[in-house]
Undergrad: 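Just dropping this structure here.
Please read these numbers as outputs of a predicted model, since none were measured by experiment.
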Amino acid sequence: MTLKTLARSLVHRPTGAAALMLGTALALTQVMPLAAQDTTTQDQVTPAEDQSPSIPGEQSAANSLTPDEPAAMVPESDNRPLSFAELAKQVSPSVVNITTTSVVAAATGPEGQVPQGSPFEDFFDQFGGPNGGPQRSQALGSGFVISDDGYIVTNNHVIEGADEIQVEFFGGEQMPAKLVGTDPEADIALLKVEGTGHPFVEFGDSNGSDAEVGDWVLAMGNPLGQGFSISAGIVSARGRELSGTYDDFIQTDAAINRGNSGGPLFDMNGRVIGVNTAILSPTGGSIGIGFAMSSDVVKGVVDQLREFGETRRGWLGVRIQDVTPDMVGAIEGLDTPNGALVTDVPEGPAKDAGVESGDVILSFDGQPVTDTRDLVRRVGAAPVGEQAAMEVLRDGKTVTLNVTLARREEAEATAQPASAEGGPTQPESSEVLGMTLTVPTPEVLQELGLDEGTQGLVVTEVEPISDAADKGLAPGDVITEAGQQPVASVADFEVAVKSAEEAGRKSLLLLVRRGGEPRFVALSITEDDKGSQDQGTTQEQ
């Protein structure tokens, strides 16, 4: 049995979040002993549909360091590499050590003074310190060359805030590097050194057959400032999400430590399938849980940084949340808990295309949407300014809409928080489905700290032992829709409940706003279907 076959039969996806995430850059300072710096990784873009985008510099693959044959293997029944030596020899000239230098401003507040004439006076005058001068600090990381003309990929946190960037090649040659562009979202940076004829490597397919769970991989870099080093392991998992919007990490047990940040993760064909970025560790050292940003993410980011010096991600302009299993019975025409449920549609491309709150986005640009994360990644990778077809489920029917995407970075810079609009209604109150619902009178709004002009029904009380309480509803929440219809009175809400019961549904879909943020909640209307269910959180795309 091969490693990947065995892995397929045993692997399970964990449901808990990582307890401690550490960036893997190594920080040094000239006035302090060698120390490691914790840096948490950022986020992810969607894997590009085209698995082989052009490499910056338009280099021929025939000139790359990719070996003609994969690493030598022992008999097929064993499926272990005989040695990584030849593979390491061929690709290692592309791996570089990166040293950054930055000036740290003097700390404010009381500090000890170095007495005049002290033997340490000259030292602190040169490097800064207690007498208030600035300090110079260094950080070490790794990177790899991706083109003949000297483009180098590394992590953003390796070079962030650097005044100077120095690159050391495998053979010992050192050169200054210029920063081309960065993407904090995916924690990727693109550097450039002068000259041509630099040994370089190609990107591989991080979702392909050579990067499956159980496949061998090599990690290369500059761990703990010790210089060039390799470590071997397997792909432990794919599609890991840490903390970023566009995360798509490969998890590996190949040893990764501080200083490995920005280094390549190779498959057995000598192609880069990931950029070593972070580790999970309670001690600060490798415990066999490392994360490399997938090449499918990195390729798209690098192409944009090369062309524009910045990223240009697509933006749809909706607020969305995952479809949960208990929503299936509450949304007409929905058979499986897949897709992205639209909770709000502010001004933007989606509204211009006719998207409405309550729509379930089933597919984007011809590809099915599994959940909100999948949609965010697909939209982020789509070209800005181009039209894409999108299928949505509305009132039990599938509707095709064409949307022209805007640029996310520009939208985020001008985004305004959504708020409910409308006037007050006549006072009334009633207990329904474990909640006390009241129209938003001025007195109620003031008591609960809600905005003037809030429209819908205000939740003033929630029975502790009720499905409403289990689903997280609380006093101050505002229900604006029930059964995907607007509600302005308790009578409207009761009609929605009755309609759902007559349609044979087990739950009623509510659109609830808290602090102006919308989310859908499927509230049980039958006694045998009540129970706690995580409704998820909404996000913008």
Undergrad: Nearest 0.5 Å, please: how far is CD1 in I289 from CD in Q251?
TA: 6.0 Å

Undergrad: Tell me whether T370 contacts the main-chain N or O of D374 through its side chain, where contact means a donor paired with an acceptor under 3.5 Å.
TA: no

Undergrad: Going from CG on L405 to CD on E386, what distance comes out if it is rounded to the nearest 0.5 angstrom?
TA: 9.0 Å

Undergrad: What distance separates F249 CZ from R238 CZ, expressed to the nearest 0.5 Å?
TA: 15.5 Å

Undergrad: Determine whether a donor-acceptor pair (N or O, by modelled atom type, separation under 3.5 Å) exists between the side chain of T454 and the backbone of L450.
TA: no

Undergrad: Just how far is it from atom OG1 of T438 to atom CD of E431, taken to the nearest 0.5 Å?
TA: 10.0 Å

Undergrad: Specify the closest pair of heavy atoms between T372 and A340, including all atoms of both residues, with the distance to one decimal.
TA: CG2-CB, 4.1 Å

Undergrad: Within the distance-only criterion (no hydrogens, no angle test), does the side chain of T154 pair as donor or acceptor with the backbone N or O of S142 below 3.5 angstrom?
TA: yes

Undergrad: I320 pairs by side chain to side chain contact (heavy atoms under 4.5 Å, CB included) with which of L341, D344, D371, L375?
TA: L375

Undergrad: Under the side chain to side chain contact (heavy atoms under 4.5 Å, CB included) rule, collect the residues that match up with E307, sequence neighbours excluded.
TA: none

Undergrad: Please step through side-chain contact (heavy atoms from CB on, under 4.5 Å) for the pair E461 and M435, ending with a clear verdict.
TA: CA-CA 6 Å; E461 293 183 21; M435 303 175 292; over 6 Å; no

Undergrad: Please tell me whether Q321 and R519 have a donor and an acceptor in their side chains that are separated by less than 3.5 angstrom.
TA: no

Undergrad: Do S507 and D326 pair up side chain to side chain, a donor and an acceptor below 3.5 Å, judged on atom types alone?
TA: no

Undergrad: Between S294 and D248, is there a donor-acceptor pair closer than 3.5 Å when you use the side chain of the first and the backbone of the second?
TA: yes

Undergrad: Within the 4.5 Å heavy-atom criterion, are L316 and V376 side-chain neighbours or not?
TA: no

Undergrad: Main chain of I234, side chain of D253: is a donor-acceptor contact present, judged purely on distance under 3.5 Å?
TA: yes

Undergrad: Are the side chain of T277 and the backbone of V275 linked by a donor-acceptor contact shorter than 3.5 Å?
TA: yes

Undergrad: Give a yes or no on whether a salt bridge exists between R313 and D183, defined as a side-chain N under 4.0 angstrom from a carboxylate O.
TA: yes

Undergrad: For P223 and N260, work out which heavy atoms get closest and say how close.
TA: CB-OD1, 3.3 Å

Undergrad: Examine distances only and state if a side-chain atom of D187 and a backbone atom of P184 form a donor-acceptor pair shorter than 3.5 Å.
TA: no

Undergrad: Does K471 reach the side chain of L523, with side-chain heavy atoms less than 4.5 Å apart?
TA: yes

Undergrad: Report the distance from atom CD of E212 to atom CG of D267, rounding to the nearest 0.5 Å.
TA: 12.0 Å

Undergrad: Are any side-chain N or O atoms of D303 and backbone N or O atoms of G300, one a donor and one an acceptor, separated by less than 3.5 Å?
TA: no

Undergrad: Is the side chain of D322 donor-acceptor paired with the backbone N or O of T324 at a distance under 3.5 Å, no angle test?
TA: no

Undergrad: State, yes or no, whether a side-chain contact exists between F291 and I279 at a heavy-atom distance under 4.5 Å.
TA: no

Undergrad: Going by atom types alone, do E409 and T311 pair a side-chain donor with an acceptor below 3.5 Å?
TA: yes

Undergrad: Under a 3.5 Å distance rule, please check whether N257 uses its side chain to pair with a backbone N or O of S286 as donor and acceptor.
TA: yes

Undergrad: Would you call E310 and R312 a salt bridge, using N to O less than 4.0 angstrom?
TA: yes

Undergrad: Taking the side chain as everything from C-beta on, heavy atoms only, tell me whether S261 gets closer than 4.5 Å to V158.
TA: yes

Undergrad: Pair L508, L510 - check side-chain contact (heavy atoms from CB on, under 4.5 Å), show working.
TA: CA-CA 6 Å; L508 178 67; L510 307 181; 3.7 Å; yes

Undergrad: Tell me, do E501 and I525 make a side-chain contact under 4.5 Å, heavy atoms counted?
TA: yes

Undergrad: To the nearest 0.5 Å, how far apart are CZ in R306 and CG in L190?
TA: 8.0 Å

Undergrad: Answer yes if the side chains of T336 and N338 hold a donor-acceptor pair under 3.5 Å, and no otherwise.
TA: yes

Undergrad: Looking only at non-hydrogen atoms, find the nearest pair between F266 and I273 and report the distance.
TA: C-CG1, 4.4 Å

Undergrad: Can you sort out the partners of A292 under side chain to side chain contact (heavy atoms under 4.5 Å, CB included), two or more places apart, ordered by chain and number?
TA: L265, N276

Undergrad: Show me the donor-acceptor pairs within less than 3.5 Å that the side chains of residues 355-364 make with the rest of the protein, sequence neighbours left out.
TA:
residue	atom	partner	partner atom	Å
S357	OG	T343	O	3.1
D359	OD1	R394	NE	2.9
D359	OD2	E356	N	2.9
D359	OD2	R394	NE	3.4
D359	OD2	R394	NH2	2.7
S363	OG	E391	OE1	3.4

Undergrad: Would T436 and V459 satisfy side-chain contact (heavy atoms from CB on, under 4.5 Å), going step by step from the backbone distance to the final call?
TA: CA-CA 6 Å; T436 300; V459 179; over 6 Å; no

Undergrad: Any heavy-atom pair between the side chains of E494 and S430 that's under 4.5 Å?
TA: yes

Undergrad: Please give me the minimum heavy-atom distance between S295 and D205, naming the atom from each residue.
TA: OG-C, 4.1 Å

Undergrad: Quick one, M327 and L509 - any side-chain contact, counting heavy atoms below 4.5 Å?
TA: yes

Undergrad: Looking at every heavy atom in both G456 and P440, which two are closest together, and how far apart are they?
TA: O-CD, 3.2 Å

Undergrad: Does I479 form a side-chain contact (heavy atoms from CB on, under 4.5 Å) with L437? I'd like the steps, not just the answer.
TA: CA-CA 9 Å; I479 299 173; L437 304 178; 3.9 Å; yes

Undergrad: Heavy atoms, side chains only, cut-off 4.5 Å: are F493 and L433 in contact?
TA: yes

Undergrad: Which atom names give the shortest non-hydrogen contact between L334 and V328, and what distance separates them?
TA: O-CG1, 3.2 Å

Undergrad: Could you check whether E332 pairs with R505 (Lys NZ or Arg NE/NH1/NH2 to Asp/Glu carboxylate O, under 4.0 Å)?
TA: yes

